[in-house]
Trainee: 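Dropping a structure here in structure tokens format, bear with me for questions.
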Amino acid sequence: QVQLVESGGGLVQAGGSLTLFCAASGNTFSMDVMDWYRQSSGKQREMVAQITSGGRINYADSVKGRFTISRDKAKNTMLLQMNSLKPEDTAVYYCHVRDARAFNSWGQGTQVTVSS
């Protein structure tokens with residue numbers, strides 16, 4: 001069982017930056033994929049950045065060149081550095097983990113609001 005806690009959300013003006021944090025605890029040995037999802041009001045939840053246990057990284061086209069995902073295996077933490085933020089980035093951001101048995105864990109979410 002893996003528990004996830006996000007932090008770092010808040011209000012920022014367009015063009016600004018924000019860093020999100022995810023802390024994992026519990027049975028973290030077999031974590032296969034860690035990624036960030038976001039869901040805007042009335043819209044479908046989407047994956048924005050992903051990092052595997054082997055260090056492979058994927059980004060959604062909408063955030064390439066602006067967001068950076070990283071993982072510290074020793075501390076069981078994951079970061080999402082968000083730069084050049086746009087109003088369309090406004091959403092609740094969720095930390096997600098898939099382990100080697102394909103079991104999924106989700107954090108509670110953190111709100112990011114980008115003003116025009």
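Because the structure is predicted, anything quoted here is derived from the model rather than measured. Keep in mind that the numbers below use all heavy atoms, side chains included, and drop hydrogens, waters and symmetry copies.
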Trainee: Looking at every heavy atom in both Thr19 and Gln81, which two are closest together, and how far apart are they?
Mentor: OG1-OE1, 2.5 Å
Trainee: Examine Tyr37 and Val112 and state if one hydrophobic cluster contains both, with Ile, Leu, Val, Met, Phe, Trp and Tyr joined whenever side-chain heavy atoms are less than 4.5 Å apart.
Mentor: no
Trainee: Should the pair Trp106 and His96 be assigned to parallel (<30°), tilted (30 to 60°) or perpendicular (>60°) ring geometry?
Mentor: tilted
Trainee: Which heavy-atom pair separates Val114 from Thr90 by the least distance, and what is that distance?
Mentor: N-OG1, 2.9 Å
Trainee: Return the minimal non-hydrogen interatomic distance between Tyr59 and Lys64, and the atom names on each side.
Mentor: O-CE, 3.4 Å
Trainee: Any idea which heavy atoms bring Cys95 and Met78 closest together, and the distance?
Mentor: SG-CE, 3.5 Å
Trainee: Val97 vs Val33, test: side-chain contact (heavy atoms from CB on, under 4.5 Å). Steps then yes/no.
Mentor: CA-CA 6 Å; Val97 167; Val33 175; over 6 Å; no
Trainee: Does a donor on one side chain sit under 3.5 Å from an acceptor on the other, for Tyr93 and Arg38?
Mentor: yes
Trainee: Go through Ser53 and Arg71 one step at a time and tell me if the side-chain contact (heavy atoms from CB on, under 4.5 Å) criterion holds.
Mentor: CA-CA 9 Å; Ser53 60; Arg71 177 181 178 180; 4.2 Å; yes
Trainee: Under a 4.0 Å N-O cut-off, is there an ion pair linking Asp89 with Lys86?
Mentor: no
Trainee: So do Met34 and Thr52 actually touch side chain to side chain, heavy atoms under 4.5 Å?
Mentor: no
Trainee: Working to the nearest 0.5 angstrom, can you tell me the gap between Thr68 OG1 and Ile51 CD1?
Mentor: 11.0 Å
Trainee: Any chance CD of Gln13 has more than 12 other-residue heavy atoms, nucleotides or ligands included, within less than 6.0 Å?
Mentor: no
Trainee: Is there a side-chain contact between Leu85 and Leu18 (heavy atoms, below 4.5 Å)?
Mentor: yes
Trainee: Linking I/L/V/M/F/W/Y whenever any side-chain heavy atoms sit under 4.5 Å apart, do Val48 and Val12 land together?
Mentor: yes
Trainee: Between Asp99 and Ser30, is there a side-chain donor-acceptor contact under 3.5 Å, judged purely by atom types and distance?
Mentor: no
Trainee: Which heavy atom of Tyr94 sits nearest to which heavy atom of Glu6, and what is that distance?
Mentor: CA-OE2, 3.2 Å
Trainee: Do the ring centers of Phe67 and Trp36 come within less than 6.0 Å of each other?
Mentor: no
Trainee: Considering only NZ, NE, NH1 and NH2 on the basic side and carboxylate oxygens on the acidic side, decide whether Asp35 and Arg98 come within less than 4.0 Å.
Mentor: no
Trainee: For the residue pair Met31 and Ala24, what are the closest heavy atoms and their distance?
Mentor: SD-CB, 4.2 Å
Trainee: Are Ile69 and Ile57 close enough, and set up right, to give a side-chain contact (heavy atoms from CB on, under 4.5 Å), and what steps lead you there?
Mentor: CA-CA 8 Å; Ile69 189 172; Ile57 295 174; 3.6 Å; yes
Trainee: Answer with yes or no whether the side chains of Ser17 and Asn83 bring together a donor and an acceptor at under 3.5 Å.
Mentor: yes
